[in-house]
Visitor: 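Below is the structure I would like to discuss, written out as structure tokens.
Note that the structure is predicted; figures quoted are calculated from it, not measured. Numbering starts at 1 and runs along the sequence shown.
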Amino acid sequence: IGHMASIILRPFASKDPEYLARWYEEDRPGLEELMGIDLPDHVSCTLAFNNLLEGDRQGYSLFLMAEHGDHPIGLVVVTDITPDTGSGRPHWYIAPDERRHSLSVAREAHREARRRGFRYFLASIPDQNKPALAVAKRLGYAVLPRVMMFKELEPWEQNQHTYRSSQQD
């Protein structure tokens with residue numbers, strides 16, 4: 001019986017930008033979903049990753065590379081960390097050809113979060129991402145009885161005139 005290599009989570013290293021660039025080329029939609037924004041080019045992708053890495057340095061997010069065997073297969077990010085680090089929002093990205101390891105990476109992310117003192121995660125998954133929803137359910141995530149709502153606000157520049165007019169009344 002062969003021994004299956006385990007998942008290792010480790011800090012971002014100097015060799016990792018090449019993996020991020022390759023994943024961008026191979027799976028831009030997957031990285032856009034991870035980031036929650038459009039990534040029209042390599043520069044925007046690099047800036048988005050730099051923001052996550054800066055959050056890791058500042059302590060308001062966590063960024064770890066996921067390795068299986070001798071190479072990275074994805075990454076784990078925790079954002080919206082509460083000041084007491086009791087909770088955060090988990091995100092994981094697994095390269096398309098390594099997605100069979102998604103559950104293992106997520107389970108290792110949960111173990112690492114517990115080691116770091118997290119008590120719970122609050123995940124948001126687009127309802128059209130059926131594979132991610134299935135993974136979350138297998139991991140024990142429960143759907144909250146809440147409705148998330150959205151309102152787009154007027155840009156500040158357009159709102160300046162209205163604000164000034166109300167100040168003069």
Side-chain angles (χ1 to χ4, degrees), residues 3-24 26-37 39 45-148 150:
H3 181 281
M4 195 167 157
S6 62
I7 300 298
I8 305 289
L9 298 182
R10 61 160 177 79
F12 191 75
S14 60
K15 64 182 177 181
D16 293 330
E18 69 185 74
Y19 291 98
L20 301 181
R22 190 180 88 219
W23 296 335
Y24 177 81
E26 294 174 359
D27 186 29
R28 177 178 154 190
L31 287 178
E32 287 178 332
E33 185 159 324
L34 170 78
M35 297 293 186
I37 58 172
L39 301 170
C45 185
T46 299
L47 290 172
F49 276 114
N50 284 346
N51 285 337
L52 289 174
L53 289 164
E54 181 60 24
D56 184 67
R57 281 189 284 280
Q58 298 286 332
Y60 55 84
S61 67
L62 178 63
F63 187 110
L64 297 168
M65 295 296 289
E67 284 190 347
H68 181 263
D70 63 349
H71 64 283
I73 62 167
L75 54 98
V76 172
V77 178
V78 180
T79 60
D80 301 319
I81 297 174
T82 58
D84 65 354
T85 66
S87 70
R89 285 185 57 212
H91 314 269
W92 49 86
Y93 172 83
I94 310 300
D97 57 339
E98 301 286 354
R99 298 236 163 108
R100 66 191 174 280
H101 300 294
S102 295
L103 279 170
S104 297
V105 170
R107 287 183 177 126
E108 186 57 32
H110 291 164
R111 282 190 285 277
E112 181 63 24
R114 282 192 298 276
R115 280 193 288 274
R116 292 173 182 248
F118 286 85
R119 292 187 310 278
Y120 61 92
F121 276 160
L122 179 64
S124 63
I125 302 167
D127 64 352
Q128 71 272 16
N129 189 340
K130 303 301 182 202
L133 289 168
V135 168
K137 287 179 182 174
R138 284 190 66 188
L139 291 167
Y141 284 81
V143 176
L144 293 174
R146 296 201 172 259
V147 174
M148 184 174 278
F150 170 81

Visitor: To check you understand the geometry: which heavy-atom pair defines the closest contact between S61 and G55, and what is its length?
Guide: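 So the minimum-distance heavy-atom pair works out to OG-C, 3.1 Å.
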
Visitor: Do any N or O atoms from the side chain of T82 and from the backbone of S87 form a donor-acceptor pair under 3.5 angstrom?
Guide: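 Confirmed, T82 side chain pairs with S87 backbone.
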
Visitor: Taking side chain to side chain donor-acceptor pair (under 3.5 Å) as the definition, give me every residue that meets it alongside D27, ordered by chain and number, with sequence neighbours left out.
Guide: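 Checked D27 against side chain to side chain donor-acceptor pair (under 3.5 Å); matches are Y93, R99.
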
Visitor: Test of understanding: with ring-ring contact (aromatic ring centres under 6.0 Å, His included), list the residues that count as partners of H71, not counting sequence neighbours.
Guide: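 Not a single residue meets the ring-ring contact (aromatic ring centres under 6.0 Å, His included) criterion with H71.
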
Visitor: Within this structure, what is the NE2-CG distance for the pair H101 and L103, rounded to the nearest 0.5 Å?
Guide: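 It comes to 11.5 Å.
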
Visitor: With sequence neighbours left out, write down each residue that passes side chain to side chain donor-acceptor pair (under 3.5 Å) with Q128, or none if nothing qualifies.
Guide: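 Checked Q128 against side chain to side chain donor-acceptor pair (under 3.5 Å); zero matches.
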
Visitor: Checking side chain to side chain contact (heavy atoms under 4.5 Å, CB included) for the pair Y24/T46: CA distance, chi angles, key distance, verdict?
Guide: CA-CA 10 Å; Y24 177 81; T46 299; over 6 Å; no

Visitor: Between N50 and R57, which heavy-atom pair has the shortest distance, and what is it?
Guide: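 Smallest heavy-atom distance, with atoms named: O-NH2, 4.4 Å.
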
Visitor: For N51, check side chain to side chain donor-acceptor pair (under 3.5 Å) against everything at least two apart and list the hits.
Guide: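 Residues passing side chain to side chain donor-acceptor pair (under 3.5 Å) with N51: none at all.
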
Visitor: In terms of ring plane angle, is the pair F12 and F63 parallel, tilted or perpendicular, where the classes change at 30° and 60°?
Guide: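 F12 vs F63 ring planes: perpendicular.
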
Visitor: Would you confirm whether Y19, through its side chain, and M65, through its main-chain N or O, come within 3.5 Å as a donor-acceptor pair?
Guide: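 Side chain of Y19 to backbone of M65, a donor-acceptor pair under 3.5 Å: no, none is there.
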
Visitor: For residues 58-77, which residue pairs qualify under salt bridge (Lys or Arg N to Asp or Glu O under 4.0 Å), counting only residues two or more places apart or in two chains?
Guide: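 Listed once each, the pairs are R10-E67, K15-E67.
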
Visitor: Going from CD1 on I7 to CD1 on I94, what distance comes out if it is rounded to the nearest 0.5 angstrom?
Guide: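 Spacing of CD1 (I7) from CD1 (I94) equals 7.0 Å.
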
Visitor: Could I get the full list of side chain to side chain donor-acceptor pair (under 3.5 Å) partners for Y60, not counting sequence neighbours?
Guide: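 Result, side chain to side chain donor-acceptor pair (under 3.5 Å) vs Y60: none returned.
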
Visitor: Which atom names give the shortest non-hydrogen contact between P11 and L64, and what distance separates them?
Guide: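 Smallest heavy-atom distance, with atoms named: N-CD2, 3.9 Å.
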
Visitor: Can you tell me how far the OG atom of S102 sits from the CD1 atom of I73, to the nearest 0.5 Å?
Guide: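 Here the rounded value is 8.0 Å.
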
Visitor: Taking the side chain as C-beta and beyond, is there a heavy-atom pair between V135 and I125 under 4.5 Å?
Guide: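 Answer no - side chains too far apart.
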
Visitor: Taking only residues at least two apart or on different chains, which pairs with a member in residues 84-93 satisfy salt bridge (Lys or Arg N to Asp or Glu O under 4.0 Å)?
Guide: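 Residue pairs passing salt bridge (Lys or Arg N to Asp or Glu O under 4.0 Å), neighbours aside: D80-R89, D84-R119.
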
Visitor: Listing request: all salt bridge (Lys or Arg N to Asp or Glu O under 4.0 Å) pairs with a residue in residues 101-114, at least two apart in sequence or in separate chains.
Guide: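 Every salt bridge (Lys or Arg N to Asp or Glu O under 4.0 Å) pair that includes a residue of residues 101-114, provided the two are not neighbours, is E108-R111, E108-R115, E112-R115, E112-R116.
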
Visitor: Do the non-hydrogen side-chain atoms of D16 and F49 ever get within less than 4.5 Å of each other?
Guide: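 A side-chain contact is absent here, since even the closest heavy-atom pair is not under 4.5 Å.
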
Visitor: Once salt bridge (Lys or Arg N to Asp or Glu O under 4.0 Å) is applied, what residue pairs with a partner in residues 126-141 remain, sequence neighbours excluded?
Guide: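 The answer is none; no pair qualifies.
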
Visitor: In terms of ring plane angle, is the pair H110 and Y141 parallel, tilted or perpendicular, where the classes change at 30° and 60°?
Guide: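 Rings of H110 and Y141: tilted, 30 to 60°.
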
Visitor: Name all residues meeting the side-chain contact (heavy atoms from CB on, under 4.5 Å) criterion together with R146; count only those two or more places apart in sequence or in a different chain, and write none if there are none.
Guide: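 Here the qualifying residues are L144.
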
Visitor: Between P17 and A13, which heavy-atom pair has the shortest distance, and what is it?
Guide: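 The pair with the smallest heavy-atom distance is CD-O, 3.6 Å.
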
Visitor: In chain order, what residues pass the side-chain contact (heavy atoms from CB on, under 4.5 Å) check against A21, with sequence neighbours excluded?
Guide: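 Checked A21 against side-chain contact (heavy atoms from CB on, under 4.5 Å); matches are H42.
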
